[in-house]
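Proteins come first, then strands; the chains are lettered A, B, ... in the order of their sequence lines, and each starts at number 1.
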Amino acid sequence: MEFIDPLPPFFYDREVTSVARDLIGCLLTHRSPEGLTAGVIIETEAYHQSERACHAFRGQTPRNAPLFGPPGRSYVYFTYGMHWCFNAVTGPEGEAAAVLIRAVEPLAGLELMRARRGREALRDLCRGPARLTQAFGISREQNELCLHSSRLRIHPRTPLHLPAGIEVSPRIGVRAAKDLLWRFTLIGSRFLSRPG
DNA sequence: GGAACGATTGAT
DNA sequence: TCAATCGTTCCT
């Protein structure tokens with residue numbers, strides 16, 4: 001299966017909120033040993049070291065080190081003792097920021113997703129940050145990968161997937177800095193983790 | 001060494 | 001509404 005060339009690292013070397021907005025409608029692909037999975041990004045959130053909800057707010061630690069690295073790499077972290085979440089690192093090296101991918105519309109590898117998720121309903125495969133990492137087979141092994149050249153990639157929007165409209169709202173599940181409208185959703189999608 | 005907590009999910 | 005489940009971080 002062929003896709004458009006993946007987004008180059010400089011795409012991610014901008015303000016994190018701009019990248020989060022522009023990733024809506026882009027295509028996430030993972031060529032794992034078990035097979036290919038792909039989906040259209042429909043929900044993102046921005047995080048930056050300057051605000052309390054960011055893992056890097058109190059400085060660099062072993063876990064959040066990828067956030068301080070060069071743009072265009074993955075930051076995958078473990079949470080709640082059982083879930084993985086996937087981010088795209090943004091901004092210049094040394095400045096910690098990333099876009100959390102919260103939901104995608106499943107496009108390819110549906111049966112592999114169903115097997116990994118243990119669920120049949122299309123709507124339940126990638127609706128939520130930890131659901132999509134499970135469906136895509138993303139965990140510790142996929143941390144700090146280059147999203148341009150590794151098996152885990154993000155590709156530009158295609159004419160078939162132009163966003164109808166993008167809505168902003170407060171980030172889900174964060175108490176700190178909850179006044180920031182740093183969540184971006186594709187209006188009207190039935191694959192959002194929660195209504196926009 | 002110990003404890004509190006978490007960018008969630010699924011069942012009740 | 002609530003339990004599951006454990007790595008990370010911070011405090012003593």
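Closest approach to the A:Arg131 side chain among C:dT8, B:dT8, B:dG10 is made by B:dG10 (side chain taken as heavy atoms from C-beta onward). Taking only side-chain atoms of A:Thr79, from C-beta outward, the nucleotide of B:dG10, C:dT9, B:dT8 with the closest atom is B:dT8. Among the nucleotides B:dG6, C:dC6, B:dA7, the one closest to the side chain of A:Tyr75 is B:dA7. For A:Phe78, the side-chain atoms get nearest to C:dC6 when compared with the rest of B:dT9, B:dA11, C:dC6. Among the nucleotides B:dT9, C:dC10, C:dT5, the one closest to the side chain of A:Ala130 is B:dT9. When each of B:dA11, B:dT8, C:dT9 is scored by its nearest atom to the side-chain atoms of A:Arg119, the top-ranked nucleotide is B:dA11.
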| What's the verdict on side chain to side chain donor-acceptor pair (under 3.5 Å) for A:His30 and A:Ser32, showing C-alpha distance, side-chain angles and the deciding distance? | CA-CA 6 Å; A:His30 187 206; A:Ser32 75; 4.8 Å; no

| said: For A:Ser189 and A:Glu105: C-alpha separation, side-chain torsions, deciding distance, then whether side chain to side chain donor-acceptor pair (under 3.5 Å) applies. | reply: CA-CA 8 Å; A:Ser189 173; A:Glu105 176 174 343; 4.7 Å; no

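We find that CH2 of A:Trp84 is positioned 14 Å from C1' of B:dG6, with the value rounded to whole Å. Note: OH (A:Tyr77) to C1' (C:dT9) measures 15 Å, nearest angstrom. One can place CD of A:Gln134 at 7 Å from P of B:dG10, the figure rounded to the nearest angstrom. Here the C1' atom of nucleotide B:dG6 and the CD atom of A:Glu45 are 14 Å apart, to the nearest Å. In this structure, A:His83 atom NE2 and C:dA4 atom C1' are separated by 8 Å, rounded to whole Å. Regarding A:Arg63, its CZ atom lies at a distance of 10 Å from the C1' atom of B:dC5, rounded to whole Å. In this entry the distance linking CG of A:Asn143 with C1' of C:dT8 reads 14 Å, nearest Å. Distance A:His48 NE2 to B:dA7 P: 18 Å, rounded to the nearest Å.
Identified under the ring pair (Phe, Tyr, Trp, His ring centres under 6.0 Å) test for residues 83-110 of chain A, with sequence neighbours left out: A:Phe78-A:Trp84. A ring pair (Phe, Tyr, Trp, His ring centres under 6.0 Å) check over residues 134-157 of chain A, counting only residues at least two apart or in different chains, returns the pairs A:Phe3-A:His155.
Across all strands shown, A:Arg140 has no heavy atoms under 4.0 Å from either base or sugar-phosphate atoms. A:Ala53 comes within 4.0 angstrom of a base, heavy atoms only.
For the OP1/OP2 pair of B:dA7 and a distance below 4.0 Å, the side-chain nitrogens and oxygens of A:Arg183 include no atom meeting the criterion. Remark: A:His55 is in phosphate contact with B:dA7, judged by side-chain N or O atoms under 4.0 Å from OP1 or OP2. The phosphate of B:dT8 (OP1 or OP2) has no side-chain N or O of A:Arg171 nearer than 4.0 angstrom.
The partner of B:dA7, taking Watson-Crick or G-U wobble pairs whose two distances both stay under 3.5 Å, does not exist in any strand shown. If you check C:dC11 for Watson-Crick or wobble pairing at under 3.5 angstrom, you find it paired to B:dG1.
Under the stacking criterion of a centre-to-centre distance below 5.5 angstrom and an interplanar angle below 30°, A:Tyr47 sits stacked against the six-membered ring of B:dA7. Per the stacking criterion (ring centres < 5.5 Å, plane angle < 30°), A:Tyr80 stacks onto the base of B:dG6.
Of the options A:Leu147, A:Val40, A:Leu152, a side chain to side chain contact (heavy atoms under 4.5 Å, CB included) to A:Leu28 is made by A:Leu152 and by none of the others.
For the pair A:Arg73 and A:Tyr75, the cation-pi test (distance below 6.0 Å, angle within 45°) is failed.
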